[in-house]
Amino acid sequence: TEMLDVPGPVETPPNGEIQSRYPTGEVKAVGLMVDGLREGAWVWYFQSGQVWARGSYSNGCKQGRWTFWHENDQKDSEGEYEAGRKIGPWTYWHSNGKLDSRGSYVDSQEEGPWTSWYEDGTQEEDGFYTAGKRVGTWEFWTPDGCCRREEFGEGNDREAALDQESTAVRRDGPEPI
């Protein structure tokens with residue numbers, strides 16, 4: 001469970017600057033609560049104390065630019081939220097600092113061109129999404145550079161399986177609560 005350090009008398013719902021703590025006492029998050037909802041700038045931390053995420057809330061929903069980090073202090077991902085939904089361009093990085101994937105969202109679904117890379121920086125896949133589904137011609141590369149093309153669209157049996165693989169490749173990772 002999440003423990004909150006709220007200054008002054010405990011209010012229901014909580015208001016004011018708060019610190020959320022891990023059960024072992026380390027600071028998990030620092031931010032403002034208004035009528036029990038997260039509001040304004042928040043910073044989230046790994047249990048180690050490294051910054052995990054930095055962004056803002058509006059009426060309890062993520063809003064504006066958010067940046068996430070790997071625990072080794074390398075950037076993990078960065079992009080925009082609108083009313084708690086991913087929008088616009090997002091970029092993801094591997095924990096070694098090299099690009100992982102890049103593309104855009106509309107209403108938290110992949111939309112338009114997306115490209116992914118292996119941890120060594122070589123290209124892994126390239127294609128288009130429409131409403132979160134792969135469409136058209138996608139190119140896939142093996143780590144040794146061999147390429148294949150595959151068509152996606154209505155009735156393609158492999159679409160669901162490859163979308164699951166793609167989710168694993170573009171590790172959104174656990175996001176702060």
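Along the sequence shown, residues are numbered consecutively beginning with 1. All values derive from a computational prediction rather than experimental measurement.
- Atom OH of Y92 and atom CH2 of W117 lie 13.0 Å apart (nearest 0.5 Å).
- Residues meeting the side-chain contact (heavy atoms from CB on, under 4.5 Å) test with T130, sequence neighbours left out: E111, V135.
- In this structure, M33 and W42 approach most closely via the heavy-atom pair SD-CZ2, 3.8 Å.
- A search for ring-ring contact (aromatic ring centres under 6.0 Å, His included) contacts involving F46 returns W52, not counting sequence neighbours.
- Annotation: the span from D35 atom CG to N15 atom CG amounts to 5.0 Å, rounded to 0.5 Å.
- Residues satisfying the side-chain contact (heavy atoms from CB on, under 4.5 Å) test with V27, not counting sequence neighbours, are Q19, R21, V30, Y45.
- Not counting sequence neighbours, the partners of E78 by the side-chain contact (heavy atoms from CB on, under 4.5 Å) test are R65, T67, K75, W93.
- For the atom pair NE2 of H94 and CG of D76, the computed distance is 10.5 Å after rounding to the nearest 0.5 Å.
- Under the rule for a salt bridge (Lys or Arg N to Asp or Glu O under 4.0 Å), K98 has no partner lying at least two apart in sequence or in another chain.
- Inspection of the E26 and T24 side chains reveals an N or O donor paired with an N or O acceptor under 3.5 Å.
- Remark: E110 CD to S101 OG distance equals 9.0 Å, nearest 0.5 Å.
- The salt bridge (Lys or Arg N to Asp or Glu O under 4.0 Å) test applied to R54 returns no partner, not counting sequence neighbours.
- Residues C61 and A83 come closest through the heavy atom pair CB-C, 3.7 Å.
- Every residue was checked against the salt bridge (Lys or Arg N to Asp or Glu O under 4.0 Å) condition with E71, not counting sequence neighbours, and none meets it.
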TODO: For the pair K62 and Y57, evaluate side chain to side chain contact (heavy atoms under 4.5 Å, CB included) and give the outcome as yes or no after the intermediate values.
DONE: CA-CA 4 Å; K62 290 177 185 168; Y57 287 88; 3.9 Å; yes
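- Residue W66 comes nearest to A53 through the heavy atom pair CZ3-CB, 4.0 Å, listed as atom of the first residue, atom of the second, then distance.
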TODO: With side chain to side chain contact (heavy atoms under 4.5 Å, CB included) as the test, would you mind laying out the steps for W90 and S77 before giving the verdict?
DONE: CA-CA 7 Å; W90 273 75; S77 58; 4.1 Å; yes
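- Rounded to the nearest 0.5 angstrom, E39 CD and N59 CG are separated by 5.5 Å.
- Clustering ILVMFWY residues whenever any of their side-chain heavy atoms sit less than 4.5 angstrom apart, transitively, puts W114 in the very cluster that holds F140.
- Of the listed residues (Q63, E82, R38), just one forms a side chain to side chain contact (heavy atoms under 4.5 Å, CB included) with S58, and that residue is Q63.
- Here CG of L32 is found 10.5 Å from CG of L37. Values are rounded to the nearest 0.5 Å.
- Residues passing the side chain to side chain donor-acceptor pair (under 3.5 Å) test with T137 are E151, sequence neighbours excluded.
- Residues forming a side chain to side chain donor-acceptor pair (under 3.5 Å) with S108 (at least two apart in sequence, or on another chain): none.
- Every residue two or more places apart in sequence or in another chain that forms a side chain to side chain donor-acceptor pair (under 3.5 Å) with E139 is listed here: R149.
- Under a 3.5 Å cut-off, the side chain of Y118 and the backbone N or O of W141 do form a donor-acceptor pair.
- Note on W44 and Y22: same hydrophobic cluster, where clusters join Ile, Leu, Val, Met, Phe, Trp and Tyr whose side-chain heavy atoms are under 4.5 Å apart, directly or indirectly.
- Minimum heavy-atom separation, I87 to Y81: CG1-C, 4.2 Å.
- By the side-chain contact (heavy atoms from CB on, under 4.5 Å) test, S104 pairs with P89, sequence neighbours left out.
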TODO: Evaluate the side chain to side chain contact (heavy atoms under 4.5 Å, CB included) criterion for residues Y129 and Q109: first the C-alpha distance (whole Å), next the side-chain angles of each, then the deciding distance (0.1 Å), finally the verdict.
DONE: CA-CA 9 Å; Y129 280 95; Q109 292 187 328; over 6 Å; no
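- When all heavy atoms are compared, the tightest approach of K86 to Y105 is O-CB, 3.5 Å.
- For D73, there are no salt bridge (Lys or Arg N to Asp or Glu O under 4.0 Å) partners at least two apart in sequence or on another chain.
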